[in-house]
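Worth knowing before you read on, the calculation uses all heavy atoms, side chains too, and leaves out hydrogens, waters and symmetry mates.
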Amino acid sequence: MYDIKTDTKKNRMIITIGKLEDESEIKALAKAVKTACGKLKKGFTCITDLRKYDVMDDKFETYVQETQAAMIQAGLSEVVRVRREMGLLGHFQFDNASSTVGYHAQNVTTMEEAEKILDEKTK
């Protein structure tokens, strides 16, 4: 399960990722993110909501890295991850992948915190 929204006024993408069923869903997510990047201008920001994300098998981490690299190439400037307060720490899988492609995301536990951080950085 995933959902991608773009806010052209804020020049922001919001990606919500839950339990991904299989490789075809991961590929579809990657394609949808790349398409959404085309709707935003260079310097766009991103919130990745991982509160319902379940860790995938490591063999799928390449898709995460490819998608993150595509976002950087499209002009991503800042990203904040919203993670669970407690429990499974799936955001670590995204942290590991993003360090490979060269960006760092701040981790918070609410959408409101994420919005506030990015709104302040883009004033």
Side-chain angles (χ1 to χ4, degrees):
M1 184 287 305
Y2 67 88
D3 183 52
I4 300 167
K5 292 182 173 68
T6 53
D7 181 336
T8 54
K9 185 177 176 185
K10 288 187 175 185
N11 199 31
R12 181 168 301 153
M13 183 183 312
I14 300 172
I15 305 168
T16 302
I17 305 174
K19 181 173 174 34
L20 298 172
E21 296 300 324
D22 55 25
E23 187 172 7
S24 66
E25 190 172 19
I26 296 163
K27 285 181 178 180
L29 168 60
K31 183 177 179 183
V33 169
K34 291 173 188 175
T35 300
C37 285
K39 297 176 184 178
L40 300 168
K41 296 179 281 187
K42 285 198 178 293
F44 70 91
T45 60
C46 179
I47 296 173
T48 307
D49 183 354
L50 299 175
R51 291 175 292 179
K52 295 182 180 176
Y53 173 71
D54 285 338
V55 177
M56 300 178 297
D57 188 289
D58 287 346
K59 70 181 180 179
F60 298 122
E61 204 166 290
T62 354
Y63 294 109
V64 175
Q65 291 173 342
E66 288 173 10
T67 304
Q68 291 172 337
M71 291 172 72
I72 291 168
Q73 187 173 357
L76 175 68
S77 66
E78 296 282 338
V79 62
V80 176
R81 289 194 190 101
V82 182
R83 61 174 178 79
R84 295 178 188 169
E85 280 192 50
M86 301 185 58
L88 189 63
L89 301 175
H91 67 280
F92 285 128
Q93 191 168 36
F94 279 76
D95 289 341
N96 290 338
S98 62
S99 67
T100 303
V101 296
Y103 79 78
H104 171 73
Q106 186 170 346
N107 288 300
V108 298
T109 57
T110 69
M111 289 296 286
E112 293 77 21
E113 287 176 281
E115 287 280 354
K116 182 179 177 184
I117 288 167
L118 293 179
D119 287 348
E120 287 177 2
K121 289 186 179 212
T122 57
K123 280 185 181 177

Side chains of Val79 and Thr48: does their closest heavy-atom pair fall under 4.5 Å?
-> yes

Which atom pair, heavy atoms only, marks the closest approach of Ile26 to Phe60?
-> CD1-CG, 3.5 Å

Rounding to 0.5 Å, atoms CD1 (Ile15) and CG (Leu50) come to a distance of 9.0 Å

Just do the side chain to side chain donor-acceptor pair (under 3.5 Å) check on Gln65 and Thr62 with the steps written out, would you?
-> CA-CA 5 Å; Gln65 291 173 342; Thr62 354; 5.7 Å; no

Please list every donor-acceptor pair under 3.5 Å in which a side-chain atom of residues 34-42 meets a protein atom from a residue at least two apart or in another chain.
| unit_1 | atom_1 | unit_2 | atom_2 | d |
| --- | --- | --- | --- | --- |
| Thr35 | OG1 | Lys31 | O | 3.0 |
| Lys42 | NZ | Gln73 | O | 3.4 |

First locate atom CG of Asp54, then atom CG of Leu20, and finally report the distance between them rounded to the nearest 0.5 Å.
-> 8.5 Å

Can you tell me how far NZ of Lys121 sits from CD of Gln106, rounded to the nearest 0.5 angstrom?
-> 6.0 Å

CE of Met71 to SG of Cys46: how many Å apart, nearest 0.5 Å?
-> 3.5 Å

Charged N to carboxylate O below 4.0 Å: is that the case for Asp49 and Arg51?
-> yes

Hey, what else clusters with Met111 if you join Ile, Leu, Val, Met, Phe, Trp, Tyr whenever side-chain heavy atoms sit under 4.5 Å?
-> Ile14, Ile47, Val80, Val82, Val108, Ile117, Leu118

Once you round to the nearest 0.5 Å, how far does CZ of Arg81 lie from OG1 of Thr109?
-> 15.0 Å

Got a salt bridge between Lys52 and Asp3, using NZ or NE/NH1/NH2 to carboxylate O under 4.0 Å?
-> no

Please, which pairs that meet salt bridge (charged side-chain N to carboxylate O under 4.0 Å, His left out) have at least one residue in residues 10-26, sequence neighbours excluded?
-> Lys10-Glu115, Lys10-Asp119, Arg12-Glu115, Arg12-Asp119

Of the non-hydrogen atoms in Ala32 and Tyr2, which two are nearest, and what is the gap between them?
-> CB-CE1, 4.1 Å

Value rounded to 0.5 Å, distance of OG1 in Thr16 from CD1 in Ile4 = 9.0 Å

Under 3.5 Å, side chain of Thr8 to main-chain N/O of Asn11, donor-acceptor pair present?
-> no

